[in-house]
Amino acid sequence: MAAGTMVLEQAIGIVESVLGIFGALFIVYGAAIAIVQLLKRESGLQKLSYHDIRWGFTTRILIGLEFFVAADVLKTILEPTFQDLAVLGAIVAIRTVVSYFLGKEVQEMPEDKKI
């Protein structure tokens with residue numbers, strides 16, 4: 001294997017890991033914000049509705065899922081076997097369906113409430 005190819009594979013591997021970690025962190029961040037907002041709402045410190053809190057969390061989940069898909073695509077570039085492509089296709093299909101339905105919820109949200 002050529003040194004240039006090895007460096008490229010390592011770089012893609014690092015970027016793939018960073019994207020996956022960032023996607024996970026963004027979802028965890030969204031969950032933390034939603035938990036704080038729920039606790040404030042329950043204690044009477046904030047007057048957000050459950051619906052508004054859910055919309056904010058849903059938007060953050062969608063962004064996190066986009067990073068996961070990008071990471072999966074890069075991973076497949078490194079391991080382009082038929083089985084890996086099939087797994088990637090299934091993962092992308094599932095995430096696309098989830099993103100579609102979450103996106104529909106966000107579209108229903110008024111413009112002033114969107115993140």
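Keep in mind that the numbers below use all heavy atoms, side chains included, and drop hydrogens, waters and symmetry copies. The first residue in the sequence is number 1, and the count goes up from there.
A distance of 13.5 Å separates CG in Asp72 from CZ in Phe67, rounded to the nearest 0.5 Å. Separating the NZ atom in Lys40 from the CD1 atom in Ile53 is a distance of 10.5 Å, to the nearest 0.5 Å. The distance from the CG atom of Leu19 to the CZ atom of Phe26 is 13.5 Å, given to the nearest 0.5 Å. The structure places CD of Glu9 at 12.0 Å from CD1 of Ile14, a figure rounded to the nearest 0.5 Å. With rounding to the nearest 0.5 angstrom, the CD atom of Gln37 is 12.5 Å from the CG atom of Leu45.
The minimum heavy-atom distance linking Ala71 with Gly20 is given by the pair CB-N, 3.7 Å. Across all their heavy atoms, Phe57 and Ile27 have their closest contact at CE1-O, 3.8 Å.
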Check step by step if side chain to side chain contact (heavy atoms under 4.5 Å, CB included) holds for His51 and Trp55. CA-CA 6 Å; His51 200 64; Trp55 274 339; 2.7 Å; yes
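Using modelled atom types, one side-chain atom of Arg41 and one backbone atom of Leu48 make a donor-acceptor pair closer than 3.5 Å.
Tyr50 has its side chain within reach of Leu38: a pair of non-hydrogen atoms, C-beta onward, lies under 4.5 Å apart.
There is a path of hydrophobic side-chain contacts, each under 4.5 Å, that joins Ile12 to Val15. Ile35 and Ile33 end up in different hydrophobic clusters when Ile, Leu, Val, Met, Phe, Trp and Tyr side chains are linked at under 4.5 Å. Tracing side-chain contacts under 4.5 Å through hydrophobic residues (I, L, V, M, F, W, Y), one reaches Tyr100 starting from Val97; they form part of the same cluster.
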